[in-house]
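First comes the structure, then the notes that go with it.
Chain letters run A, B, ... following the sequence lines, proteins first, then strands; residues in each count from 1. Side chains are part of it too, since the values below use all heavy atoms of this structure and drop only hydrogens, waters and symmetry mates.
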Amino acid sequence: MNRLDKLFNNKKENILSIYFTAGFPKIDDTVKIIKELEENGVDLIEIGIPFSDPVADGATIQESSKIALQNGMTLKLLLSQLKNIRQEVEMPIILMGYLNPIMQYRIEKFCADIEKIGIDGLIVPDLPFDLFIKDYKELFAKYNLHNINLITPSTSNDRIKLIDEHSTGFIYVVSSASTTGTKQLDDSVLKNMFNKLQNIKSPTLIGFGISDKQGFNNACNFANGAIIGSAFVKTIGENMSVKEYINSLFV
Amino acid sequence: MSKYKTNEYGFYGNFGGAYIPEMLYPNIENLKQNYKAIINTDSFQNEFKDLLKNYVGRPSPLYFAKNLSKKYNTNIYLKREDLNHTGSHKINNTIGQILLAKQMGKTRIIAETGAGQHGVATATVATLLGIDCVIYMGEKDMQRQAPNVERIKMLGAKVIAAKSGSKTLKDATNEALRDWINNPENTFYVIGSVVGPHPYPEMVAEFQSIISKEIKIQLFEKTGKENPDYVIACVGGGSNAIGTFYNFLEDDNVKLIATEAGGLGIETGKTAASLKVGKPGVIHGSKTYLIQTDDGQIIEPHSISAGLDYPGIGPLHAHLHDIKRVNYISINDDEALKAGFMLTRTEGILPALESAHAVAVLEKQSFKTKDVIVVTISGRGDKDLSNYLQNNKFKK
Ligand SMILES: Cc1ncc(COP(=O)(O)O)c(C=O)c1O
């Protein structure tokens with residue numbers, strides 16, 4: 001069974017997902033960070049594949065991507081770092097990255113290789129829903145990968161319904177009209193979203209603009225859990241301890 | 001269906017589409033659903049045509065270049081987009097898009113710019129039509145196109161420096177897209193070339209198609225000929241070239257030549273010739289040829305001309321290249337500079353460095369005495385004066 005399905009079957013609330021950029025701050029931090037996150041009670045990990053032109057990202061993730069690339073991170077290298085990860089880590093892992101590097105790796109080979117490693121899903125922010133359905137849905141299913149679709153405060157009710165019907169894994173609920181790490185959570189927007197999400201079947205995680213305990217708790221009132229990205233990337237960029245940061249979300 | 005039109009997903013053959021994050025979906029969908037209906041109304045067309053005629057000064061002349069024709073022993077006509085208000089073809093598109101933005105109820109305009117010509121043309125029309133305007137420009141381009149930065153500010157628009165990556169057109173486009181993601185409700189993104197997600201390439205091509213529409217009429221008036229033998233234009237994203245080719249695409253006997261910026265030479269890696277050194281990939285919302293590493297990271301391009309200094313190319317060009325309808329050649333920095341000086345001395349016309357890449361074809365290719373050749377001069381060279389002067393050695 002895909003580990004994402006297992007997670008969402010067993011846990012319905014306060015799910016914590018952490019994003020970090022592979023190759024940042026140091027090129028070989030990847031496995032170390034994953035293990036620390038698991039040890040400290042994180043439920044789900046999103047590993048960012050760095051890209052030279054991350055248009056959906058704000059300043060923090062732009063900077064971490066730039067440094068990761070300067071450090072020499074590539075998609076090939078990342079997959080070789082993750083080769084034996086399933087001997088040590090049980091939690092679900094998904095990869096998040098822009099389409100172009102995946103395309104150059106060749107999509108089918110990419111799917112086959114990451115299934116072998118034990119990756120559970122993908123978030124490709126610049127792969128729109130209609131092209132996913134047309135070109136990639138069958139391919140992802142063949143390799144037991146969930147494609148995580150996004151919805152935003154301006155996604156219409158009809159489209160939410162359509163995306164929900166075709167979603168596996170979970171739906172990534174973007175908390176505001178924004179690039180990553182750019183705007184703060186807004187309660188009234190969250191409430192509005194919550195109302196729109198009443199009738200969907202897929203599990204939901206809220207992301208964008210969540211940085212601390214208060215934000216995390218707040219988001220968890222409206223969904224099965226929340227995703228923290230920029231704030232965590234900033235933390236490890238400043239050499240603060242992973243353990244301390246994760247603990248600060250729970251105490 | 002014509003092989004030069006998009007399919008239902010917005011692809012020209014294998015290229016194009018709308019590879020956008022979900023945050024932009026409502027905006028792109030709204031544009032896709034409404035733009036054709038709006039721009040085909042009488043009221044839109046009347047206002048568009050009136051501004052093109054009385055504000056821009058269209059039709060732009062199709063000028064028989066006597067001295068140049070003598071020099072190359074053939075018949076050369078120059079399509080004078082440099083004589084448009086604001087000095088380039090860019091204003092054909094900005095009038096179209098900003099009129100559209102107003103009809104769609106938007107109250108804020110954003111745009112990217114490389115050479116600054118699209119920035120100037122956008123800020124100008126935004127001022128004319130009374131709408132707020134922010135222009136993103138790479139920090140490097142702000143230095144090499146300084147007069148245009150001052151012009152944009154003088155027009156009342158705000159200029160924001162793009163400081164990431166190569167600090168050129170690609171990065172300005174990234175910043176504009178990020179702005180749009182953050183301001184989806186009130187803002188309209190005026191893209192400056194036939195790039196970006198569908199329907200932008202198609203829409204910009206339509207606004208620029210006026211160039212070839214006029215060439216056809218003017219050439220017939222002057223020569224009695226329906227069609228020229230050759231049509232030549234430079235390509236950055238490719239809007240002046242698409243505009244120049246548009247009404248000739250179906251006429252297979254018209255040979256179409258487009259020039260990409262070779263930079264220091266395609267073998268040096270310091271180049272912007274996407275079709276020569278690029279591979280298919282996705283940038284700024286569409287699938288096209290892209291200069292990139294094996295790992296799929298975009299390589300910072302090089303050209304002396306800021307307007308051509310872009311690692312991708314419009315998807316219709318990628319398609320026209322693959323089906324061999326257009327011959328794409330690359331012109332290096334030094335060849336463009338020489339052509340710019342040459343045109344200035346031969347005809348008294350100082351072309352933009354971008355346009356000089358098109359003029360350089362005359363030196364590279366031989367033509368028959370009876371051939372009729374149209375070269376589009378996409379813009380005037382005043383903005384490039386200091387760049388020309390620093391490269392005085394190419395005067396002869
Ligand atoms: C005078 C001029 N010509 C050409 C270009 C290149 O754009 P396109 O390829 O879209 O015509 C520019 C862009 O800035 C320009 O200013």
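Counting only distance, with no hydrogens or angles, the side chain of B/Y310 and the backbone of B/G114 share no donor-acceptor pair below 3.5 Å. A donor-acceptor pair under 3.5 Å is formed between the side chain of A/D164 and the backbone N or O of A/S202. Between the B/K90 side chain and the B/G192 main chain, a donor and an acceptor come within less than 3.5 Å of each other.
Contact annotation for A/L99: only side-chain heavy atoms (C-beta onward) come within less than 4.5 Å of a heavy atom of chain B. Interface remark: A/L75 contributes backbone and side-chain atoms alike to the contact with chain B (heavy atom separation under 4.5 Å). Using a 4.5 Å cut-off between heavy atoms, B/E175 contacts chain A through its side chain alone, with no backbone atom that close. Using a 4.5 Å cut-off between heavy atoms, A/F132 does not touch chain B at all. Using a 4.5 Å cut-off between heavy atoms, B/P197 makes no contact with chain A at all. When heavy atoms are compared at a cutoff of 4.5 Å, A/P153 does not approach chain B at all. For A/S178, the parts sitting under 4.5 Å from any heavy atom of chain B are the backbone and the side chain alike. Using a 4.5 Å cut-off between heavy atoms, B/L290 contacts chain A through its side chain alone, with no backbone atom that close. Residue A/Y105 does not touch chain B at all, counting heavy-atom pairs closer than 4.5 Å. Interface residue A/D57: only backbone heavy atoms are found under 4.5 Å from chain B. For chain B, the nearby part of A/Q62 is the side chain; its heavy atoms alone come within less than 4.5 Å. With a 4.5 angstrom heavy-atom cutoff, B/Y19 touches chain A via backbone and side-chain atoms both. Of the two parts of A/I163, only the side chain, counted from C-beta on, holds a non-hydrogen atom closer than 4.5 Å to a non-hydrogen atom of chain B. There is no contact between B/E29 and chain A, counting heavy-atom distances below 4.5 Å. Of the two parts of A/L69, only the side chain, counted from C-beta on, holds a non-hydrogen atom closer than 4.5 Å to a non-hydrogen atom of chain B. No part of A/K66 comes within reach of chain B, as not one of its non-hydrogen atoms sits under 4.5 angstrom from that chain. With a 4.5 Å cut-off on non-hydrogen atoms, B/D294 touches chain A through its backbone but not through its side chain.
Aromatic ring orientation, B/H319 versus B/Y12: parallel (interplanar angle below 30°, classes split at 30° and 60°).
Your options are A/K183, A/E63, A/R159, A/Q104, and the one with the most heavy-atom pairs under 4.5 Å with chain B is A/R159. Ranked by heavy-atom pairs under 4.5 Å with chain B, the list A/P54, A/S176, A/S156 is led by A/P54. Contact tally against chain B (heavy-atom pairs below 4.5 Å) for A/N100, A/I102, A/V174: the top residue is A/N100.
Using a 4.5 Å heavy-atom threshold, the side chains of A/I236 and A/F24 count as touching.
Environment of CG in A/N199: sparse, with no more than 12 heavy atoms of neighbouring residues, nucleotides or ligands closer than 6.0 Å. Heavy atoms of other residues, nucleotides or ligands lying less than 6.0 angstrom from NZ of B/K279 number more than 12. Atom NZ of B/K106 sits in a crowded spot, with more than 12 heavy atoms from other residues, nucleotides or ligands closer than 6.0 Å. Other residues, nucleotides and ligands contribute more than 12 heavy atoms inside 6.0 Å of the CD atom of A/Q70.
For the pair B/I313 and B/T288, the tightest heavy-atom approach, listed with the atom from each and the gap, is O-OG1, 2.6 Å.
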Verdict with supporting geometry, A/H146 and A/F140, ring-ring contact (aromatic ring centres under 6.0 Å, His included):
CA-CA 7 Å; A/H146 290 320; A/F140 285 20; over 10 Å; no

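Residues B/H118 and B/T113 bring no donor and acceptor atom of their side chains to less than 3.5 Å of each other.
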